[in-house]
Every structure is written in C-alpha cells, then in structure tokens.
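Comments concern the structure below.
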Amino acid sequence: MANKENWGSRVGLVLAMAGNAVGLGNFLRFPVQAVQNGGGTFIIPYLVCFLLMGIPLLFVEWSMGRFGGKYGDHSTPFILSNMAPKKQFLWKYVGVFGIFTNLAVAAYYCYLESWTLSYTWHSIAGSFQGQTAEGIANFFNNYVLNPGTEAYAFWILCLVLNTYILSRGLSGGVEKVAKIGMPLLIFFGIFLAYKGLTVEAGVDGAIFSSSEGLNFLWSPTPGSSIWDPKIWVAAAGQIFFTLSVGMGSIQCYASYMRQRDDVALNAMSAGWMNEFVEVCLGAAIVIPISVGYFGIDWVIENTKNGGLGLGFRTLPYLFQQWGPVIALISGVFWFGLLFFAGITSSLAMGTPCMGFLQDEFKMSREKSAWTFGAAVFILGLPTVLFFKYGVFDEYDYWAGTISLVVFALLEIILFAWIFGMEKGWKEITAYADIKVPVVFKFIIKWVTPTLLLLVFIGAFFKPEGNDWNAVMQGRWVLDDGSVINTMLNNGLHKKIAATTDAAQLEELNKQLTYINLSRLLLVAMFATVAAMVYIAYRKRVKEGRWS
Amino acid sequence: MNSQALITMVLTNLVVAGFTAYFFWKVLKTPLDKPENDDIDFPHGG
C-alpha cells in the first residue's frame with residue numbers, strides 16, 4: 001500500500017508545522033528560563049541563537065524532509081541514509097532517533113496533555129471556585145502523584161483522540177486540527193496576555209502590579225551579564241527545544257510536500273510564528289500574573305524546578321480572584337490554549353512512526369495510527385503509574401532532551417559536511433519564495449554545529465551550580481544534573497547516603513529501581529526500532545529498492 | 001514599568017510580531033505556480 005498522503009494547503013502545512021513547534025514550553029519554559037537567566041539580559045542571546053541556530057536548523061530539516069519525500073521516504077532512517085554515501089551504512093541507525101524520540105516523548109507527553117484537558121473540564125465545571133491556594137495545589141499533587149479513575153480516563157481519551165485524528169490523515173486530520181487549534185490558541189493567548197499586562201496593585205486582590213514582573217522579565221537583572229556563558233547555554237537550549245528540531249517530525253511533515261514546493265519561506269513563517277507565541281504571548285501570562293499576586297521573590301523561588309507548578313497549581317487559584325465569569329473564561333482559555341499547544345505537537349510525533357510503518361511495512365494509514373496509539377499506551381503506562389518515582393522525568397530527560405541534541409548534532413554534520421553544503425544549499429533554495437541570505441551557507445556549515453556542540457557540552461558536562469564562569473577559571477566540577485552524573489544517579493545516591501529515616505530510605509531505593517527500569521525500557525525501545533529499521537533495510541534489498 | 005524594560009519589551013515584541021506577520025502574509029499571498037518538472041535531482045548517496 002503506497003503512502004500517497006499530501007498536504008491540503010500551504011497554510012495548513014505552515015500552521016501544522018507551527019503547531020508542532022508551539023508546545024507547553026512556550027508558555028511554561030520560556031518565561032521561567034528568562035527569569036532564571038538574567039531577565040532582560042536573556043533576550044539578546046535568545047534572539048541571536050534563533051538566528052544562528054533555530055532558523056538554520058529549520059532550513060536543514062525542512063529541506064531534508066522534502067529531499068526524502070522525493071524518494072518516497074517519510075521518516076528519518078532512510079532520509080538520512082539516502083543523503084549519505086551507501087558505504088556509510090550507519091546513518092540509517094542514526095535516523096532511528098527520529099522515530100524513537102517521537103514514540104518515547106509521545107508516551108509521556110500525551111499524559112501531560114491529558115492534564116490540560118482535565119483542567120479545562122474542571123474550569124468549566126467550576127471545581128476551583130472558592131478553593132484556597134493550598135486546596136488547588138493539593139488537587140494537582142493528588143492528580144499526578146496518586147492518579148485515580150479520572151486521570152486514567154482523561155489520558156485514555158487523549159490517546160484515542162490523537163490516534164483518531166492521526167487515522168484521518170494529514171489533510172483530513174492533522175491539518176484540520178492545526179487550522180482550528182492555532183488561531184484559537186493565539187486568540188486565547190491574546191486575551192490572557194491582556195489580562196496579564198493589566199494586573200493592578202489593589203485591584204482583585206493583587207498586591208503588586210504586573211509591571212513589577214515585566215520589569216524583571218525585560219530589564220537586565222542586576223549583576224547579570226550578556227557575556228555570561230550560562231545565559232548563552234540556556235538561550236541556545238531554549239531555542240533548540242522550542243522549535244521541536246532534532247526530533248524527526250519536521251522532516252516527516254516536510255516529506256509530504258510536493259517537490260516544487262518552497263521550504264525557505266514556509267520554514268521562516270512557521271519558525272517566527274512559534275517565536276510570536278513564545279515571546280509576545282508566553283512572556284505576558286504566567287510571570288506577570290504570578291508576580292502581581294505573590295511578588296518576584298516568591299516566583300523566583302517557585303520556578304526553580306520549572307514552570308509546571310505555576311501553570312497548574314498557581315494560575316487556577318489566581319484566576320478565581322477575577323470573579324466567577326472571568327475565572328471560568330480564563331481557566332478555559334488557559335488550559336484550552338495548553339491543550340491545543342499540546343495536541344498539535346503530539347500529532348506531529350505520531351506521523352514519523354506512521355510514515356515508517358506505512359513505507360516499510362505497507363500498513364494502511366488507519367492501521368499504522370492505531371499501532372502507534374497502542375505503542376504509546378503501553379510505553380506511556382509506566383509514566384502514569386510510577387510518576388511519583390520519576391519515570392515521567394526520566395523519559396523527558398533521555399528522550400525529550402538528550403536524544404534531541406545528539407540527533408540534531410549528527411544530522412547537521414550529515415547535511416553540511418557529508419551530503420555537502422553546495423548540494424544542501426541547492427536543496428534549501430530550490431523553488432524558494434524568498435531570497436535566502438547567502439550568509440546562511442556559512443552559518444549552517446560552521447556556526448550552527450558549534451552552537452549545537454555548546455548545547456551538547458552544556459548538557460553533558462554541566463558544571464556545579466551551572467557556574468560556567470568557574471569553568472573559565474579552570475574549576476570544572478560536574479553538577480548532579482549533568483548527563484554524566486545523572487547517568488550514574490549521583491544525586492540520588494547522595495540523598496540515599498544522607499537519609500536515616502527507614503521509610504524515606506525505602507522510597508528512595510524504590511525510586512532508584514524505577515529509574516533504572518525506565519532507562520532499560522527506553523534502551524529496549526531504541527533497540528526495537530533499530531531492529532525494525534534493519535528488517536526494513538533487508539526488505540528493501542530483497543525487493544530491489546536498495547540501489 | 002521602568003523605561004528600559006518598556007523599550008526592550010516593545011522593541012522585541014514589534015520585531016517578532018512584525019517578522020511573523022510579514023512571513024505569514026507572504027505565505028498567504030505567494031501563489032503556487034511552480035513548473036511541474038523537478039529539475040533538482042541528486043543521486044542517492046550524497
């Protein structure tokens with residue numbers, strides 16, 4: 001059964017690509033990164049990294065996808081393989097990342113997405129009305145730490161919804177959701193940004209005005225410097241993760257374009273749309289509203305472990321301060337916005353897996369969608385059942401963070417150095433509807449790989465306290481959050497060694513077991529996909545499709 | 001809001017919103033009238 005899917009329209013493709021990039025991180029990760037990395041100082045490195053790493057990677061991934069589509073390939077193993085000389089047979093196994101990552105990320109991301117669906121329902125039902133801040137925080141803690149029937153029901157609903165939409169195909173499913181979801185997301189975001197920018201001290205229980213938060217976000221934090229390497233590593237990391245590059249989903253979406261379609265303008269449009277949502281809307285909601293009610297020190301303290309707490313524990317309480325009607329609207333808009341941000345991304349995670357099954361194992365669209373749904377259910381179950389033992393975070397760390405950086409680094413080496421920049425440049429500029437500045441040829445070959453290497457080193461060898469200035473002075477002690485120490489479970493071992501309480505010790509030992517088991521599961525998942533790629537390769541050889 | 005924060009916020013928002021609107025407008029306005037024949041074709045194997 002040949003895979004003959006196509007996009008219905010150009011706008012649909014751009015909105016689906018933008019939806020792929022726009023995720024919960026645009027609203028919850030970006031503002032927190034800015035708060036933790038010098039406020040206004042962060043924005044210049046952030047925009048520079050967008051120009052030097054984000055846009056080039058978008059050009060590369062879009063053109064790789066269109067190149068793959070020319071040969072009927074819709075997933076990275078054989079797209080990469082086709083770009084390399086035949087004797088370099090390992091590239092198809094590098095492409096395994098482009099399927100594995102999507103599968104593993106979808107496994108936990110769909111659960112996260114289901115929280116937004118559940119919270120949208122609770123906002124409509126008025127469950128948060130009259131509750132204290134502590135009551136709403138406890139509601140969230142219970143929901144994720146002791147998942148009950150409701151959490152499972154919303155998770156299954158979310159999985160079925162994703163699978164059904166995927167089974168409807170690109171133009172009949174994914175594109176329709178993007179065309180409805182993205183405009184709604186922007187509308188909801190504009191409403192909430194307006195509310196965020198107009199919080200006034202003394203009105204509706206606010207203690208400070210939102211300008212306190214905006215001052216913090218947009219002016220340099222005293223003592224921060226634009227030359228601080230920590231800020232550059234954080235900015236490069238944020239740009240990398242916000243654009244959904246290094247996943248293989250962009251290549252997959254682009255592989256369904258027609259060969260004479262433009263990639264340059266489409267990539268720019270989708271990339272800037274993501275930036276609009278992140279910078280213009282994402283920065284105007286969570287931080288200004290939270291600072292208005294709790295002050296900047298509280299927000300800094302409570303964002304040390306990320307923005308999820310503010311999004312799910314704090315905002316539902318703060319919306320209640322605006323009266324029942326606005327609270328209902330704000331709750332529905334906030335969680336609805338997060339839901340659309342989530343589903344447009346999770347749909348993009350499904351297509352590479354489906355493309356691979358359709359291309360290599362001749363599955364029908366429907367069958368490949370339900371196979372993907374079943375795999376996500378099985379692989380996602382541990383993240384739901386053992387959330388409190390850190391399984392969810394393990395998936396996020398290894399599949400949703402480290403794999404992306406490794407894959408992006410390898411793919412840009414392939415594109416710029418093995419496929420060759422001359423041919424690569426021709427791929428980017430062919431049928432382009434904008435003139436791509438020739439300086440990008442140099443940037444893609446030299447600057448982007450260097451920045452990616454910086455992100456890679458930043459993750460693998462993160463110094464203690466993320467203090468890169470100490471590294472500059474020759475003191476490089478690894479942080480417990482560095483890849484090396486995470487792999488060795490150093491942080492957890494230290495906690496175990498310091499614990500004297502028997503019950504707590506038992507919990508920590510359980511956590512260690514679950515973390516190691518989840519890593520084994522991820523390795524098994526990668527090995528299974530690699531084995532399937534090998535089988536597909538043998539099939540191609542047998543059928544004479546490998547020349 | 002202090003003037004430094006205000007200027008940074010307004011400028012950044014204008015630049016980002018401006019580029020977003022410009023590229024999306026171009027996507028909407030540029031017709032797809034490319035020739036059917038595909039004249040860029042590279043052999044497999046880079």
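Note on naming: letters A, B, ... go to the chains in the order of the sequence lines (proteins, then strands), and numbering restarts at 1 for each one.
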Problem - Atom pair CH2/CE of A:Trp218 and B:Met1 - distance to nearest 0.5 Å - result: 8.5 Å

Exercise for the section: With rounding to the nearest 0.5 Å, note down the distance linking CG in A:Asp262 to OG1 in B:Thr30. Expected result: 8.0 Å

Fill in the blank from the handout: From the list A:Ile434, A:Asn274, A:Leu214, A:Leu47, the residue making the most non-hydrogen contacts under 4.5 Å with chain B is A:Leu214

Handout entry: B:Trp25, CH2: over 12 other non-hydrogen atoms inside 6.0 angstrom
Key = no

Practice task
Check the pair B:Val16, A:Trp272 against side chain to side chain contact (heavy atoms under 4.5 Å, CB included), reporting the backbone distance first and the verdict last.
Solution key: CA-CA 7 Å; B:Val16 172; A:Trp272 279 100; 4.2 Å; yes

Practice task
For residues A:Met268 and B:Val27, determine if any side-chain heavy atom of one lies less than 4.5 Å from a side-chain heavy atom of the other.
Solution key: no

Exercise for the section: Check whether more than 12 heavy atoms from other residues, nucleotides or ligands sit under 6.0 Å from atom CD1 of A:Ile44, and answer yes or no. Expected result: no

Fill in the blank from the handout: Residue pairs meeting side chain to side chain donor-acceptor pair (under 3.5 Å), one or both in residues 9-22 of chain B, sequence neighbours left out, come to none

Fill in the blank from the handout: Comparing A:Glu275, A:Met273, A:Gln88 against chain B, the one with the most heavy-atom pairs below 4.5 Å turns out to be A:Met273

Practice task
Mind checking the CE-OG spacing from B:Met9 to A:Ser219? Nearest 0.5 Å is all I need.
Solution key: 11.0 Å

Exercise for the section: Counting only heavy atoms closer than 4.5 Å, note whether A:Val14 contacts chain B via side chain, backbone, both or neither. Expected result: side chain

Problem - A:Phe50 CZ to B:Phe19 CZ distance, which is reported to the nearest 0.5 Å - result: 9.5 Å

Exercise for the section: Select, from B:Val15, B:Ile7, B:Leu28, B:Thr8, the one with the greatest count of heavy-atom pairs under 4.5 Å involving chain A. Expected result: B:Thr8

Exercise for the section: Could you tell me which residues satisfy side chain to side chain contact (heavy atoms under 4.5 Å, CB included) with A:Ser171, sequence neighbours excluded, listed by chain and number? Expected result: A:Glu175

